[in-house]
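Reviewing the structure listed below.
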Amino acid sequence: MASVTQLQRQFIEYTTSLYKEGYLDDQFTQLQKLQDESNPDFVVEVVSLFFEDSEKLLNNLATALQQKVVDYKQVDSHVHQFKGSSSSIGAQRVTNMCVHFRNFCEEKNLEGCLQCLQQAKHEYILVRNKLEALFRLEQQILQAGGSIPMME
C-alpha cells in the first residue's frame, strides 16, 4: 500500500500533467477552490453533472447530424451548450474542439461536423477517464488518512 506522501506526490504529478497536456485549464483550479469542508464533494458533483450533460449532448448531436435535412442551428445550439459546460469545468481540449465544431456548423459543412463530433467524443472520453482517475486518487489519499494537496 502506498504511503500518504507517495499518493499526494502522485496526485500533484498527475494533476500537473493534466494541465501541461491541455486537458484542464485554470477554470478547474477555480472550481477546486470553491470546495471546502461544508461541501467536500463539490468538484465531483459538478463534474458528474458535466458527464451526464455531455452524454446527452453528444447523443443529441449524433441524432441531429443523422437527419436527412440537418438543422445546423440546432446542431450549433447543442455544440454551444457543450462548449459552455466544458469550459465551466475547465475541460480545455473539449472546449477547443467545440470551437472548431461551431465553425463547421456556420459553414453548414456536414463532413466537418461529423469529424468534429467524433473528435469531441474522443476528447470527452479522454478527459472523463482522466478526471475519474484523479478522483480515485483523491479517494485513496483520503482513505489513507491524508488531505488533498491544493494546486497553485
Side-chain angles (χ1 to χ4, degrees), residues 1-65 73-106 112-152:
M1 179 81 183
S3 74
V4 171
T5 308
Q6 287 172 316
L7 289 169
Q8 288 170 326
R9 190 177 312 115
Q10 229 182 319
F11 177 85
I12 290 169
E13 288 169 3
Y14 188 66
T15 304
T16 301
S17 75
L18 294 179
Y19 286 97
K20 282 185 180 169
E21 294 169 24
Y23 289 103
L24 299 177
D25 63 24
D26 191 50
Q27 187 58 38
F28 188 76
T29 309
Q30 297 304 315
L31 202 59
Q32 288 176 312
K33 287 179 180 175
L34 295 172
Q35 183 166 293
D36 58 22
E37 290 81 31
S38 66
N39 198 353
D41 298 325
F42 179 74
V43 175
V44 172
E45 289 170 6
V46 170
V47 171
S48 294
L49 288 172
F50 164 71
F51 292 162
E52 288 173 29
D53 288 346
S54 296
E55 299 286 340
K56 288 177 198 160
L57 286 167
L58 288 167
N59 286 333
N60 291 344
L61 280 164
T63 301
L65 289 170
K73 280 191 171 159
Q74 182 191 40
V75 172
D76 185 61
S77 175
H78 292 314
V79 176
H80 181 71
Q81 230 180 320
F82 192 33
K83 179 178 167 249
S85 61
S86 301
S87 177
S88 72
I89 68 141
Q92 185 176 13
R93 286 168 56 158
V94 176
T95 304
N96 293 343
M97 185 50 56
C98 289
V99 171
H100 297 298
F101 203 152
R102 291 194 75 195
N103 291 336
F104 285 118
C105 288
E106 206 172 285
C113 285
L114 289 169
Q115 282 181 333
C116 277
L117 175 60
Q118 291 311 309
Q119 289 175 303
K121 276 185 186 177
H122 176 74
E123 289 298 341
Y124 163 70
I125 290 167
L126 283 174
V127 79
R128 184 187 69 200
N129 291 343
K130 291 186 179 290
L131 286 170
E132 286 172 344
L134 184 70
F135 297 150
R136 281 192 301 274
L137 195 50
E138 281 183 359
Q139 285 307 307
Q140 288 177 318
I141 291 169
L142 294 173
Q143 287 168 358
S147 61
I148 306 302
M150 283 307 294
M151 301 298 293
E152 292 304 314

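The residues of the chain are indexed from 1 along the displayed sequence.
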Non-hydrogen atoms of L126 and R93 that approach each other most closely: CD1-NH2, 4.1 Å

Evaluation steps, side chain to side chain donor-acceptor pair (under 3.5 Å), between E55 and N59: CA-CA 6 Å; E55 299 286 340; N59 286 333; 5.4 Å; no

Test item: S86 side-chain N/O and F82 main-chain N/O as donor-acceptor pair under 3.5 Å: yes

Minimum heavy-atom distance V75-A64, with the two atoms named: CG2-CB, 3.7 Å

N/O donor-acceptor pair under 3.5 Å between S17 side chain and Y14 backbone: yes

Spatial distance of atom CG (N39) from atom CD (E45) [nearest 0.5 Å]: 5.5 Å

Closest heavy-atom pair and its distance - L65, C113: CD2-CB, 3.8 Å

Check: V43 main-chain N/O paired with Q35 side-chain donor or acceptor under 3.5 Å: yes

Aromatic ring pairing F51/Y124, orientation class (parallel under 30°, perpendicular over 60°, tilted between): perpendicular

Reported OG1-to-NZ distance for the pair T15 and K130, which is rounded to 0.5 angstrom: 11.5 Å

Test item: side-chain donor near acceptor, Q30 and D26, under 3.5 Å: yes

Donor-acceptor pair, side chain of Q8 and main chain of S147, under 3.5 angstrom: yes

E138/I141 under side chain to side chain contact (heavy atoms under 4.5 Å, CB included): CA gap, chis, key distance, verdict: CA-CA 5 Å; E138 281 183 359; I141 291 169; 5.7 Å; no

Worked verdict on D36 versus F42 for side chain to side chain contact (heavy atoms under 4.5 Å, CB included): CA-CA 8 Å; D36 58 22; F42 179 74; over 6 Å; no

Heavy-atom side-chain proximity of I125 to H122 below 4.5 angstrom: no

From H78 atom NE2 to C105 atom SG, the distance as rounded to the nearest 0.5 Å: 10.0 Å

Considering all heavy atoms, the nearest R102-D76 contact: NE-OD1, 2.8 Å

R136 CZ to L134 CG distance, which is reported to the nearest 0.5 Å: 10.0 Å

Evaluation steps, side chain to side chain contact (heavy atoms under 4.5 Å, CB included), between Y23 and L131: CA-CA 9 Å; Y23 289 103; L131 286 170; over 6 Å; no

Spacing of L61 atom CG and L58 atom CG [to the nearest 0.5 Å]: 6.5 Å

Chi angles and distances behind the side chain to side chain contact (heavy atoms under 4.5 Å, CB included) call for L18, V127: CA-CA 9 Å; L18 294 179; V127 79; over 6 Å; no

Expected output: side-chain S87 to main-chain T95 donor-acceptor under 3.5 Å: no

Distance (rounded to the nearest 0.5 Å) between S48 OG and D41 CG: 9.5 Å

